[in-house]
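A quick write-up on the structure given underneath.
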Amino acid sequence: MDEQPRLMHSHAGVGMAGHPGLPQHMQEGGGATDADGRKQDIGDILQQIMTITDQSLDEAQARKHALNCHRMKPALFNVLCEIKEKTVLSIRGAQEEEPPDPQLMRLDNMLLAEGVSGPEKGGGSAAAAAAAAASGGAGADNSAEHSDYRAKLSQIRQIYHTELEKYEQACNEFTTHVMNLLREQSRTRPISPKEIERMVSIIHRKFSSIQMQLKQSTCEAVMILRSRFLDARRKRRNFNKQATEILNEYFYSHLSNPYPSEEAKEELAKKCAITVAQVSNWFGNKRIRYKKNIGKFQEEANMYAARTAVNAANASSHGSQANSPSTPNSAGGYPSPCYQSDRRIQ
DNA sequence: CTGCATGATTAGCT
DNA sequence: AGCTAATCATGCAG
């Protein structure tokens, strides 16, 4: 009759060692009704569970076995499972659905774009080539640097993959270990398959945060590598003297309109062994720097003017042409007089 | 190491 | 699209 409160009590006291056991009466449901008998059975089982910590290992094993074989065990087990599911799982189950982490997606995309993850080879060199093209490199002397870059990238790639493999292996090992443990324990305590599933997903989440760190540091390494090898600014080389002279010659002989056409740029690029983009850069820089400080460039302007004059003289002495068509202005003439319809620097 | 020179990049304009 | 102006980052002479 007052069995129930006492049971509740002992249940609340789980973990407290040394609970005095009740005498082991009512073993096989004495007289009474069927319901009464079941209640007694449950009380009995719980009591045995409570006292199990006080027993020796052998004794406990025997008791465990006895409990496992008890005819009421499945029923009790199911009930406990059900209760547990209703309380614990339903509370935490709601937040189970997690959207794909945007940061992880970003990292994944970047690794894929850099050719670190994804299919073997091809991607990396393609990215390198694209980056080189974007930076407008001439491509002549940087092929060695490219192979260096590729070597370093594949090194990163290899480290990334071995680490990832290690991680996956560890994750799988741990997961199976935990699953085995839970399956083992599910014989003695209520663990539903759902709960195992949840535990697995918890483990996976923990491990994926490690994976995230791996991806992040790999991305950082790639970024550093990239900036070191592919950022054109970092490997800026001055043009050789000849190229500079060709460009300057054109600039000062077209001082009234130092805006070479596309064709002129192409020709200059060819002569100087640089790209058209570099020619454009050079003229852009030259115009602005000349304009900013004409005085500073005066000497240079005079020198190139003299040179073109000499060239013109040579040309006229050789051929029949009197003077060069597009060099009407003297060396210092840039700012003041001669902007007619041409574009002017302002 | 410092300061200037210089090629490249970027934002904003036309 | 091409340009200017500002800026960045490196090269290099002193």
Side-chain angles (χ1 to χ4, degrees), chain A residues 110 113-114 125-150 152-153 219-308 326-327 329 331-346:
Chain A
M110 190 192 145
E114 293 298 330
S125 49
S135 70
D141 70 324
N142 55 15
S143 66
E145 287 184 35
H146 269 181
S147 70
D148 204 4
Y149 171 82
R150 276 203 294 276
K152 287 251 161 54
L153 189 68
C219 275
E220 274 165 23
V222 171
M223 288 315 283
I224 289 165
L225 185 70
R226 249 183 105 93
S227 67
R228 192 161 297 162
F229 279 88
L230 297 177
D231 186 350
R233 287 208 267 205
R234 284 187 180 279
K235 57 187 177 75
R236 194 197 112 232
R237 292 274 127 69
N238 291 350
F239 299 152
N240 62 39
K241 212 174 168 194
Q242 204 186 346
T244 313
E245 278 185 14
I246 291 166
L247 294 167
N248 271 318
E249 225 162 89
Y250 188 97
F251 181 79
Y252 287 111
S253 65
H254 296 75
L255 209 47
S256 64
N257 184 32
Y259 297 87
S261 65
E262 197 58 33
E263 298 86 67
K265 280 182 194 171
E266 274 168 30
E267 191 168 336
L268 285 168
K270 211 184 210 174
K271 275 197 214 166
C272 302
I274 58 178
T275 65
V276 174
Q278 284 175 303
V279 173
S280 297
N281 281 339
W282 189 92
F283 273 89
N285 284 323
K286 190 72 184 181
R287 281 190 298 264
I288 191 69
R289 282 163 188 165
Y290 182 84
K291 194 191 99 175
K292 263 187 176 170
N293 194 348
I294 294 166
K296 198 174 77 183
F297 287 92
Q298 196 66 64
E299 206 180 313
E300 193 179 64
N302 289 334
M303 193 189 87
Y304 280 102
R307 194 178 297 187
T308 50
S326 53
T327 52
N329 47 321
Y334 184 57
S336 38
C338 39
Y339 301 119
Q340 286 100 341
S341 58
D342 282 330
R343 185 206 298 269
R344 66 182 62 200
I345 296 175
Q346 47 188 353

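Residue numbers begin at 1 in each chain, while the letters A, B, ... track the order of the sequences.
- Remark: C1' of B:dA5 and CG of A:N281 are 16 Å apart, rounded to the nearest angstrom.
- The CZ-P distance, from A:F283 to B:dT6, rounds to 15 Å in whole Å.
- Between the side chain of A:Q278 and the backbone N or O of A:T275 there is at least one donor-acceptor pair closer than 3.5 Å.
- If you check C:dA5, C:dG11, C:dT4 against the side chain of A:K291, the one that comes closest is C:dA5.
- In this structure, the CZ atom of A:F239 is 17 Å from the P atom of C:dT10, given to the nearest Å.
- If you measure from atom CG of A:N238 to atom P of C:dA9, you get 17 Å, rounded to the nearest angstrom.
- Relative orientation of the A:F251 and A:F283 rings is tilted, given thresholds of 30° and 60° on the angle between their planes.
- Within the 4.5 Å cutoff, no side-chain heavy atoms of A:H254 are placed close to those of A:P260.
- The shortest distance between the side-chain N/O atoms of A:R237 and the OP1/OP2 oxygens of B:dG7 is not below 4.0 Å.
- The separation between A:K241 atom NZ and C:dG11 atom C1' is 17 Å, rounded to whole Å.
- Comparing C:dT4, C:dC8, C:dG11 against the side chain of A:I288 picks out C:dT4 as the nearest.
- Side-chain N/O atoms of A:K296 include none lying less than 4.0 angstrom from OP1 or OP2 on B:dC4.
- Here the P atom of nucleotide C:dT4 and the CZ atom of A:R287 are 4 Å apart, to the nearest Å.
- Among the nucleotides C:dT10, C:dC12, C:dA5, the one closest to any side-chain atom of A:R236 is C:dT10.
- When rounded to the nearest whole Å, the span between NZ of A:K265 and C1' of C:dG2 equals 7 Å.
- Along DNA chain C, the nucleotide closest to A:N285 and the one closest to A:P260 are compared, and the more 5′ of them pairs with A:P260.
- Put simply, the side chain of A:R287 gets close to the backbone of A:P258: a donor and an acceptor are under 3.5 Å apart.
- The NZ-C1' distance, from A:K286 to C:dG2, rounds to 20 Å in whole Å.
- Considering only heavy atoms from C-beta on, A:Y290 comes within 4.5 Å of A:L255 through its side chain.
- For A:Y259, a side-chain nitrogen or oxygen approaches OP1 or OP2 of C:dT4 to under 4.0 Å.
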